[in-house]
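These notes concern the structure reproduced below.
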Amino acid sequence: MPEDTRVPQSVISVEGIGKKYWISHEDAVDSNSLRHILGNGIRSFRERLSSYIWGSKPTENVSDAAIEEFWALRDISIEIKRGERLGIIGRNGAGKSTLLKILSRITEPTEGRIRIRGRVASLLEVGTGFHPDLTGRENIFLNGVILGMSNAEVKRKFDEIVAFAEIGRFLDTPVKRYSSGMQVRLAFAVAAHLEPEILIVDEVLAVGDAQFQKKCLGKMGDIAQEGRTVLFVSHNVNAIEQLCSSALLLERGRIKSYSTDVRKVVKEYSLGGSTSIISSIWENHGTEFDNPWFKPLRFYLSDENGKLLEPPTRNDSEMWINVEGIVETLDPALSIGYTVSSEKGELFYWSCPTDLYKHGSSPYRAGYNKFKSKIPSHLFNEGNYRFELFGSLHFRKWIFAPGEFIPAIVLTIQGGLSESPFWTCVRPGLLAPVLEWCVEGECDK
Amino acid sequence: MQAVSTDEILIEPGLTEFNYFWDLWRFRELFFFLAWRDLKVRYKQTIIGVSWALIRPFLTMVIFTIVFGKLAGLSAAGIPYPLLVFAALLPWQFFSNALSGTSESMVGNAHIITKIYFPRLIIPASSILVGLVDASISFGILILLYLYYGYLPPLSVLSLPFFVCLAFISSFGAGLWLAALNVRYRDFRIIVPFILQFGLYISPVGFQSSIVPENWRIIYSLNPMVGVIDGFRWALIPDFPLFWPSIVASLIIGTVLFVSGLLFFRKSERLFADVI
């Protein structure tokens with residue numbers, strides 16, 4: 001192909017995409033039934049119908065329900081080049097799936113435009129269109145065609161698909177009699193044999209056992225190697241780092257970060273989350289996390305004298321975690337604590353003030369509370385560690401749950417790893433603890 | 001590397017019209033596969049399988065012959081009553097299966113609609129194809145009836161494809177309306193069986209439309225199935241009188257249903273994935 005001049009050409013260009021939904025509250029669900037509409041008269045039915053057809057805002061007098069507009073996605077503009085592998089990350093509800101749905105034409109954007117050059121296959125779910133009553137053989141054909149392959153194409157790849165799925169002699173058994181693992185393998189096998197120019201994948205790697213996941217990742221890698229354009233949504237930042245050549249971080253429907261420096265974006269995702277400023281202190285600005293059980297006021301890292309830690313912190317210094325908050329209604333099940341995770345989101349541990357309490361008595365009291373806990377020095381490695389404050393009524397409900405937008409701070413460790421001349425620079429590993437060693441026979445000393 | 005395709009897709013609000021009918025063609029295999037799936041699944045785990053497609057209309061015919069021909073004693077003007085009933089039962093069952101099939105089809109395929117793009121029209125269209133296949137199977141019973149009563153189909157049987165088309169546009173038109181409405185308002189899944197039950201008695205399935213008083217007959221023909229059934233009987237039964245006005249009425253109403261149904265479906269299609 002002489003015209004293929006190796007200049008990366010944009011295959012997907014997205015200009016200012018937005019998607020708006022109308023969310024109605026409470027009894028609005030009911031207002032969709034015909035009875036409610038008849039009750040409100042034929043006129044409003046016509047209006048509803050036309051709002052349904054034209055996508056305009058349902059008129060207010062239609063029902064008493066409060067209708068609120070909600071932008072699931074706003075001002076998204078990206079250019080994806082041929083052969084680019086874009087990883088899309090973001091917390092739940094950031095708009096990742098909506099973006100994929102718009103790109104795969106399942107739903108329409110409210111504003112903006114997209115230009116796509118090439119054959120697209122989207123894999124938003126494993127096993128779309130599988131029918132439980134059909135056999136494995138029949139489902140391979142059905143699913144293949146649903147995913148956009150031609151009948152002839154499925155026929156050609158049939159043996160490969162069967163081999164990849166490892167279902168051999170169950171080929172003519174109805175899929176409903178398969179174990180769930182077998183169903184997933186079969187479904188992924190079909191999907192893996194798609195040969196589109198642009199592949200859109202949503203979180204499909206989150207299924208199956210570890211070994212199969214590894215196989216899937218390998219297959220994704222192959223697809224990437226072949227120079228296809230891949231759009232990949234995942235919470236697995238390691239997979240994103242391995243597979244993708246660029247990354248897009250979405251936050252509340254908008255682009256937070258978009259770069260070919262995948263590490264940078266992943267880091268921003270893991271550390272940043274959604275809390276505005278990440279430092280060694282979090283302070284309540286007034287009404288955040290208002291609740292009667294435990295309202296956090298301050299969450300910060302300090303030295304042994306209570307002085308705020310200024311990053312970076314040496315690994316041999318004393319580090320204390322501090323929590324201040326107000327209890328209005330003292331609930332015996334109140335439990336607070338913190339979690340520590342790495343930049344990539346790997347969780348190290350949870351810790352709670354109640355961990356050492358034996359008789360179920362509570363360390364909490366009504367009014368102002370302050371707790372502090374020592375963080376072991378010489379435990380972490382050099383790098384950034386995210387501390388999050390969570391609160392719950394034990395086994396009843398979360399007040400603020402890990403993984404959501406909760407108070408978060410960052411500890412940056414640099415230097416002070418050890419006093420030994422044999423250990424002066426960073427070692428590999430998530431942790432870098434200095435542990436006890438002794439010469440055999442002298443350990444009692 | 002594989003050849004780079006030249007098709008370019010433009011996505012903009014309200015622009016799905018673009019390329020829609022080209023897409024229908026591109027997704028034709030999906031259309032056949034969905035119909036194939038529905039046919040295949042229908043008689044899975046049954047003992048007598050596809051014979052149900054013959055037994056159901058046959059039993060209905062027997063019951064209608066007894067109720068209308070024997071008990072009610074309606075005249076058939078020398079035509080064997082089973083033949084009279086069956087010529088009407090063929091289009092009616094097609095209409096009935098098509099209407100219930102298409103109206104449920106969108107909701108029944110919600111899991112695909114929310115995950116994959118394709119022209120949504122494929123779904124009701126494939127479910128009406130299933131109805132057509134069923135109707136062709138029951139056609140076998142008609143041939144047996146011809147043999148049993150020693151009849152030969154009249155020359156007018158050549159017009160049968162026209163009446164099949166007439167039955168098709170009426171049922172597809174109405175089906176499209178109901179399919180699209182059912183996506184938003186599940187009330188229609190309750191209304192449809194009622195329409196069908198009711199329709200069986202107000203359509204001339206067990207009797208001839210000529211028993212309706214002359215001056216009411218035009219109004220009676222506003223039911224598009226009246227013209228379709230009259231037409232089927234004329235095409236299949238020798239010397240059956242032809243009543244033009246009902247066929248013309250059926251053609252007009254069927255066309256209106258079909259065109260408006262298609263437009264309504266296309267207009268509401270954009271939001272299916274969001275509201276289903």
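Per chain, numbering begins at 1; letters A, B, ... match sequence-line order.
Around the CH2 atom of Trp71(A), the shell of radius 6.0 Å holds more than 12 heavy atoms that belong to other residues, nucleotides or ligands. By the 6.0 Å contact criterion, NZ on Lys176(A) is enclosed, its count of non-hydrogen atoms from other residues, nucleotides or ligands being greater than 12. Within 6.0 Å of the CD1 atom in Ile47(B), the count of heavy atoms belonging to other residues, nucleotides or ligands does not exceed 12.
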Side-chain donor-acceptor pairs of residues 195-204 of chain B under 3.5 Å, sequence neighbours excluded:
from: Ser203(B); atom 1: OG; to: Gly199(B); atom 2: O; distance (Å): 2.8
from: Ser203(B); atom 1: OG; to: Asn223(B); atom 2: ND2; distance (Å): 3.0

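A salt bridge (Lys or Arg N to Asp or Glu O under 4.0 Å) with Asp274(B) holds for exactly one of Lys20(A), Lys101(A), Lys19(A); it is Lys19(A).
Most heavy-atom pairs under 4.5 Å with chain B: of the set Ile12(A), Thr110(A), Val145(A), Ile146(A), this distinction falls to Val145(A).
Not counting sequence neighbours, the partners of Phe265(B) by the ring pair (Phe, Tyr, Trp, His ring centres under 6.0 Å) test are Phe272(B). Considering only residues two or more places apart in sequence or on other chains, Phe168(B) meets the ring pair (Phe, Tyr, Trp, His ring centres under 6.0 Å) condition with Phe172(B).
Within the model, atoms CD1 of Ile116(B) and CG of Leu123(A) stand 7.5 Å from one another, a figure rounded to the nearest 0.5 Å. Of the inter-residue distances, the one linking His131(A) atom NE2 with His111(B) atom NE2 reads 7.5 Å to the nearest 0.5 angstrom.
Checked for salt-bridge contact, Arg105(A) and Asp23(B) meet the test: a charged N lies under 4.0 Å from a carboxylate O.
Between Ser122(A) and Lys115(B), the shortest heavy-atom distance links the atoms OG-O, 4.3 Å. Contact detail for Ile106(A) and Ala273(B): the closest heavy-atom pair is O-CB, 3.4 Å.
Within residues 31-43 of chain B, the residues approaching chain A closer than 4.5 Å by heavy atoms are, in numerical order, Phe33(B), Trp36(B), Arg37(B), Lys40(B), Val41(B).
With a 4.5 Å cut-off on non-hydrogen atoms, Ser150(A) touches chain B through its backbone and its side chain both. With a 4.5 Å cut-off on non-hydrogen atoms, Phe141(A) touches chain B through its backbone and its side chain both. Neither the backbone nor the side chain of Glu15(A) has a heavy atom closer than 4.5 Å to any heavy atom of chain B.
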